[in-house]
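Everything below concerns the one structure shown next.
In this text the structure is predicted, and so the values were computed from the model without any measurement. The chains referred to below are lettered A, B, ... by the order of the sequence lines, with proteins before strands, and numbering in each begins at 1. These values consider heavy atoms only, across backbone and side chains, with no hydrogens, waters or symmetry-generated copies.
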There are 2 protein chains.
Amino acid sequence: MNETTSLTFAMPDMPDLESSALPDDHLDLRLWLRMLTCCNLIESEIRSRLRTEYNTTLPRFDLMAQLLRAPAGMKMSDLSRRMMVTNGNITGITDQLEKEGLVERTKVASDRRSSVVKLTAKGKRVFRKMAQAHEQWIQSLFGGLSDDSRNALFDALAELKAVARPLAS
Amino acid sequence: MNETTSLTFAMPDMPDLESSALPDDHLDLRLWLRMLTCCNLIESEIRSRLRTEYNTTLPRFDLMAQLLRAPAGMKMSDLSRRMMVTNGNITGITDQLEKEGLVERTKVASDRRSSVVKLTAKGKRVFRKMAQAHEQWIQSLFGGLSDDSRNALFDALAELKAVARPLAS
DNA sequence: TATTGTTATACTCTATAACTATA
DNA sequence: TATAGTTATAGAGTATAACAATA
């Protein structure tokens with residue numbers, strides 16, 4: 001089904017990290033460079049569009065995405081764990097979003113150290129619009145994949161994530 | 001062979017970007033978030049090890065990797081295209097590496113604007129050691145994948161790269 | 001003692017733009 | 001005019017560490 005290690009699709013002659021020809025005995029390395037190149041291409045495209053079309057950044061987008069899925073709000077420390085960045089960074093992003101009226105902090109009575117962050121009505125409205133555009137960007141990229149490839153990627157990445165996940169602990 | 005869209009491997013209950021449960025009709029988005037999470041986990045681990053064990057950074061490592069494969073050296077602008085960053089950044093990285101005696105610039109007679117950058121003997125020695133360690137890190141991560149998954153990933157990413165590649169043009 | 005959130009700070013990475021010297 | 005490389009600068013993104021309030 002998969003032709004093992006062959007290049008199934010002819011690559012145009014465009015240089016990238018993987019291009020420094022590696023012999024076949026470095027397959028894992030080639031795999032990693034290919035994945036890294038893909039990710040970087042897509043990620044920088046998304047950052048660029050978020051900036052030019054919605055005047056926002058990827059971490060801000062990600063934080064709002066978390067909140068949309070948590071209507072009751074999330075504690076800052078939960079956001080920190082989920083986004084895998086330190087507490088101080090969450091404070092900074094939340095400050096910006098709050099200043100623009102997109103999220104709000106609420107003090108929680110049960111633990112007076114904690115704050116809960118929620119999307120405001122405006123925040124929900126604005127984010128839904130961005131999220132829709134974002135999903136279309138993604139679909140226009142991944143939509144070019146065959147169903148087989150899409151499913152194979154999905155499952156293989158689950159395996160990889162299980163291996164890589166402990167790194168963050 | 002692949003169970004279509006199911007989670008083949010049980011995920012430990014660790015939060016990440018993909019965790020904000022998305023229904024199955026957003027499959028491309030889940031796929032992207034999963035890939036992004038994998039890449040970020042691995043990349044930050046590699047950056048961290050390069051820093052603590054070899055006192056270097058990923059762009060510096062990448063530049064040296066390009067040069068090892070080009071014994072005759074490369075022009076700065078070629079490096080810039082290959083690494084997909086602007087010329088000014090290549091100047092900066094090259095400055096650092098040259099100061100440490102790892103690379104050297106040579107003026108080329110045919111075009112007096114250009115420089116060719118090469119690894120020095122020391123640069124080759126140092127890089128080979130780092131590259132060996134780097135490859136072991138990668139193999140210890142991707143080695144956990146089954147052969148089927150590895151091959152499926154490799155081919156699917158080739159497809160994806162072909163779709164995403166034009167973004168950089 | 002440990003945790004929540006804040007503040008201050010520093011570094012990496014990258015892009016933009018203005019510049020020079022060639023071509 | 002266009003290209004090769006340099007310089008300066010700005011901003012995103014992130015980490016570390018010290019701190020206050022609370023648990």
With a non-hydrogen cut-off below 4.0 angstrom, is B:R60 in contact with a base, only sugar-phosphate, or nothing?
nothing

I need the CZ-P distance between A:F61 and D:dA12, as an integer number of Å.
18 Å

Which is the 5'-most and which the 3'-most nucleotide of DNA chain C that has an atom under 4.0 Å from a heavy atom of chain B?
C:dC13 to C:dA23

Under 4.0 Å between any heavy atoms, over every strand shown, what does B:S44 touch: base, sugar-phosphate, or nothing? Just pick one.
nothing

Contacts of A:E100 meeting side chain to side chain donor-acceptor pair (under 3.5 Å) (sequence neighbours excluded), chain-then-number -> A:R60

With sequence neighbours excluded, what pairs up with B:R49 under the side chain to side chain donor-acceptor pair (under 3.5 Å) test?
B:E45

Answer with base, sugar-phosphate or nothing: what part of the nucleic acid does B:L58 contact at a heavy-atom distance below 4.0 Å?
sugar-phosphate

Does B:R150 make a cation-pi contact with B:F142, if we ask for NZ or CZ under 6.0 Å from the ring centre and within 45° of the axis?
no

May I ask you to check whether A:T94 and A:T91 show a side-chain donor-acceptor distance below 3.5 Å?
no

Partners meeting side chain to side chain donor-acceptor pair (under 3.5 Å) with B:T106 (sequence neighbours left out):
none

With sequence neighbours left out, the residues meeting side chain to side chain contact (heavy atoms under 4.5 Å, CB included) with A:S44 are none

For A:S114, report the nucleic acid contact type (base, sugar-phosphate, nothing); a contact means any heavy atom under 4.0 Å.
sugar-phosphate

So if I define the base as every atom that isn't primed, P, OP1 or OP2, how would nucleotides 14-23 of chain D read as a B/S/- string at a heavy-atom cutoff under 4.0 Å?
BBB----BBS

Applying salt bridge (charged side-chain N to carboxylate O under 4.0 Å, His left out) to B:R47 and not counting sequence neighbours gives B:E43

Could you give the NZ-to-C1' distance, from B:K75 to D:dT3, as a whole number of Å?
9 Å

Relative to the 5' end of DNA chain D, which residue comes earlier, B:R81 or B:D95, by the nucleotide with the nearest heavy atom?
B:R81

Within this structure, what is the CD-to-C1' distance between A:E43 and D:dG13, rounded to whole angstrom?
11 Å

Base, sugar-phosphate alone, or nothing: which one does A:S77 contact when heavy atoms must sit under 4.0 Å apart?
sugar-phosphate

Please name all residues satisfying side chain to side chain contact (heavy atoms under 4.5 Å, CB included) with A:V85, sequence neighbours left out, ordered by chain then number.
A:M83, A:N89, A:I90

Which residues share a side chain to side chain contact (heavy atoms under 4.5 Å, CB included) with A:R128, sequence neighbours left out
A:L68, A:K124

